[in-house]
Amino acid sequence: MKRILSIVLALSMLVMAGAAAAETLTMATNAAFPPYEYYDDETDKIVGIDAEIAAAICAKLGYELEIVDVDFDSIVPGVQAGKYSFGMAGMTVTEDRLKSVDFSDSYATGIQVVIVPEDSAIASADDLFAEGANHKVGVQQGTTGDLYTTWDIEDTGKGTIERFKNGADAVLALTSGKVECVVIDNEPAKNFVAANPGLKILDTEYILENYAMCFSKNTPELTAQVNGALKELIADGTVQAIIDKYIPAEG
Ligand code: ARG
């Protein structure tokens, strides 16, 4: 009897300890990418679609969430090395990244678009790949925009690519005339154009992509847990409500 009692006691202490100290998941992001992740002007906290979806997933699964802001191209290696629990950064699922990390189910889509000054001679994305073209293109280092323009423009000798640490820096270089256009995801592009007068987005879309969270290949249980929570949050409309909050319907 005494034995049973002490086992019960030990067990209940374990449960209490578990309730008191929830495990923390560390999310790596690159927070210069509105509306997916950026610093709120007032609170100086990282907010956005990714931050809120991650918070909803963690709340459902009983984890604490910590968000760290790092260079975009250090997210996949950091997750792979176990430095972060996962990466979430409007990150596109690509064949190449799948060699290093696992991805969750997709929670959003993105499109690579081209930002130019309003008076630019570049009229469509195709102008960048035309025979004899020679444009200076700005991208965020290590993104799909970097990858595709490297293949389509740099490797074919049709222009040069300037790589910046983040999207905001690339757009700054565009406003100061250091590059002629920026290739970047469509929603951040809309935010940057709204914040910087004199810029516009070309109508032609470059490529459609799926966004997902990335995980170490060593934590398949966590990936599965997150996928379970994500599925429920998509089914009950939470994910769409978060997206709608940050991306107001057009028209
Ligand atoms: N979707 C692009 C990619 O995966 C760009 C993502 C950049 N994200 C960011 N938070 N800076 O390569």
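Order of listing sets the numbers, starting from 1, for every ligand and every atom in it.
Between the side chains of Y107 and N210, no donor-acceptor pair is found at a separation under 3.5 Å. Side-chain contact check for T223 and N227: no donor-acceptor pair (N or O, by modelled atom type) lies under 3.5 Å. Looking only at atom types and distance, the side chain of Q80 has no donor-acceptor partner in the side chain of S216 under 3.5 Å away. Side-chain contact check for T149 and R163: no donor-acceptor pair (N or O, by modelled atom type) lies under 3.5 Å.
Atoms of ligand 1 found under 4.0 Å from any heavy atom of E209, numbered from 1 in the order shown, are 1 (N). Against a heavy-atom cut-off of under 4.0 Å, Y211 is close to the following atoms of ligand 1: 1 (N). Per-residue contacts place E37 under 4.0 angstrom from the following atoms of ligand 1 (heavy atoms of the residue considered): 10 (N). Atoms of ligand 1 found under 4.0 Å from any heavy atom of R97, numbered from 1 in the order shown, are 3 (C), 4 (O), 12 (O). Listed by atom number, the atoms of ligand 1 under 4.0 Å from F33 heavy atoms are 5 (C), 6 (C), 7 (C), 8 (N), 9 (C), 10 (N), 11 (N).
Under the 4.0 Å criterion applied to side-chain N and carboxylate O atoms, K60 and E232 are assigned as salt-bridge partners. Salt-bridge annotation for K217 and D102: present, with a side-chain N of the basic residue lying under 4.0 Å from a carboxylate O of the acidic one.
Scanning all protein heavy atoms for the shortest distance to atom 11 (N) of ligand 1 gives N30 OD1, 3.0 Å. Among protein heavy atoms, atom 8 (N) of ligand 1 sits closest to A89 O, 2.7 Å.
A 4.5 Å side-chain heavy-atom check between T29 and I67 finds at least one atom pair inside the cut-off. Between T24 and L65, every side-chain heavy-atom pair lies at or beyond the 4.5 Å cut-off. The side-chain heavy atoms of T109 and Y211, taken from C-beta on, include no pair separated by under 4.5 Å.
No part of Q141 comes within 4.0 Å of ligand 1, judged by heavy-atom distances. At a heavy-atom distance under 4.0 Å, no atom of Y36 approaches ligand 1.
Polar contact check, Q140 against ligand 1: a nitrogen or oxygen pair lies under 3.5 Å apart. For a threshold of 3.5 Å applied to N or O pairs, the pair formed by T143 and ligand 1 contains no separation below that value. Checked against a 3.5 angstrom limit, the closest N/O atoms of D185 and ligand 1 fall inside it. The distance criterion of under 3.5 Å between nitrogen or oxygen atoms is met by G90 with respect to ligand 1.
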